[in-house]
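In what follows, a structure is listed as C-alpha cells, so that the remarks can point back to it.
So you know, we letter chains A, B, ... as the sequences are listed, proteins then strands, and number each from 1.
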Number of protein chains: 2
Amino acid sequence: MANQPAPLDAVFHSLADPTRRAVVTRLLQGEAPVKQLAQPFAIGLPAFLKHLAVLEGAGLIRSEKRGRVRTCRIDAERLAAAEDWLAEQRAVWQGRTDRLAAFVESQTIGSPS
Amino acid sequence: MANQPAPLDAVFHSLADPTRRAVVTRLLQGEAPVKQLAQPFAIGLPAFLKHLAVLEGAGLIRSEKRGRVRTCRIDAERLAAAEDWLAEQRAVWQGRTDRLAAFVESQTIGSPS
DNA sequence: TGGTTGGTTCGCCATATGGTGAACTATATT
DNA sequence: AATATAGTTCACCATATGGCGAACCAACCA
C-alpha cells in the first residue's frame, strides 16, 4: 500500500552508512550534542556534519541549537516508514512460506476484548 | 544484538534506489528473466544490469543462466537482516515512547473518552 | 546459414559521496 | 579582554554511482 519513493530513497541511503546507523542507534538512547555524537568516530567534524546533514535531510533526526551547542534527537517516523516498507515485502515473501495469514490477522484486528 | 555492519551497508544501499526496490518487489511475486525485469524501466540494459549486480552483490537476489536467459529470484534472508535491524531500533524507541506515553498517561488520567 | 534475441562488456561522462585541512563565527569561560 | 570551545563554511580531492551508446558473444529460430 504505502509507496512513497523519494522519502524511502533518502532514509535507506542514510542507513547505508555504518557511521550514520551508529548515530541513529546512539540517538535512540536520547538526545546528544554534535561533538558528543562525533567523538566515537575517527573522522573530522566537517565530514561528520555531512553525515548529520544527510540524516536530517532524510528526516531521521532533528536538531536545535541552543547557545553554541547543537543538540540532535531522533525523529522515528521515517525509521518506521522504512520498517513498514520492509514489513510489506516480508508479508509477501513470508506469505509464500506461510505466515501471511498471521500478518494479515495482526493488521486487521477487528474484535479483541 | 545483531551488529553486522558490512552486509547491512550493501543491503540498505541497494534499497536506496527506487528501481532496485521495484525489482525486489517484483521478484517477490516470483522469479523472472532479466529482460522482463528491465522492461518497466526507462533505462538501458547496461544500466539495469548494474542495478542487478548491486542487488546480487548485496545478496538480495540470486540469478542463474539457462540457455541465453538469466533468471533472477529473491533471496530474502538479507532483506530479513535489514528488517531485523530496524525492528531492533524500533524496540528501543518504542520502549522509550511507550514508557513516556505511560508516564504522560499516568499524569493525565482523569478525563478520557 | 543467416538473422534475431538476450545478455554482456567496454569506454565514456556527469554528478554525488565521503573525506581532508584551513579559515571563520559565535558563544562560553577565566 | 583574552582564550578556549562548538560549530560552521570553504575549497579541494579521490572514488563511487548511474547513466549512455556501441560493439560483442552466444543461443535460439527460420
Next on the checklist: What is the distance, to the nearest angstrom, from the CG atom on A:Asp9 to the P atom on C:dA16?
Outcome noted: 14 Å
Checklist entry - Are B:Val54 and B:Ile43 in one and the same hydrophobic cluster, where Ile, Leu, Val, Met, Phe, Trp and Tyr link if side-chain heavy atoms are under 4.5 Å apart? => result no
Checklist entry - Atom CG of B:Leu52 and atom C1' of C:dT8: how far apart are they, to the nearest Å? => result 12 Å
Let me have the donor-acceptor pairs involving side chains of residues 23-32 of chain A, under 3.5 Å, with sequence neighbours excluded, atom names and distances please.
from, atom 1, to, atom 2, distance (Å)
A:Thr25, OG1, A:Arg21, O, 3.1
A:Thr25, OG1, B:Gln89, OE1, 3.1
A:Glu31, OE1, A:Arg73, NH2, 2.8

Checklist outcome for this item: Between CG of A:Leu49 and P of D:dA6 the distance, given in whole Å, is 13 Å
Checklist entry - If we ignore angles and hydrogens, is there a donor and acceptor under 3.5 Å between the side chains of B:Arg20 and B:Ser14? => result no
Item to check | Side-chain heavy-atom pair B:Leu15, A:Trp85 within 4.5 angstrom cut-off | outcome: yes
Item to check | Shortest non-hydrogen contact from B:Ala58 toward B:Arg78 | outcome: O-NH1, 3.1 Å
Item to check | Cluster check A:Phe48, A:Val69: I/L/V/M/F/W/Y, side chain < 4.5 angstrom | outcome: no
Item to check | Heavy-atom side-chain proximity of A:Leu52 to A:Ile61 below 4.5 angstrom | outcome: yes
Checklist outcome for this item: Taking D:dT8, C:dG18, C:dG7 as options, the one with an atom nearest any side-chain atom of B:Lys65 is C:dG7
Checklist outcome for this item: Contact check, residues 23-40 of chain A vs DNA chain C, heavy-atom distance under 4.0 Å, returns none
Checklist entry - Starting at CZ of A:Phe41 and ending at P of C:dG18, how long is that distance when rounded to a whole Å? => result 14 Å
Checklist entry - How does protein contact run along nucleotides 19-30 of chain C, one letter per nucleotide 5' to 3', with B for base contact, S for sugar-phosphate only, - for none, heavy atoms under 4.0 Å? => result BBBB----BS--
Next on the checklist: Output the rounded distance in Å from CD (A:Glu56) to C1' (D:dG7).
Outcome noted: 13 Å
Next on the checklist: Looking at B:Arg66 and B:Glu64, is any side-chain nitrogen of the basic one under 4.0 Å from a carboxylate oxygen of the acidic one?
Outcome noted: yes
Item to check | Separation of atom CD in A:Glu64 from atom P in D:dA6, rounded to whole Å | outcome: 18 Å
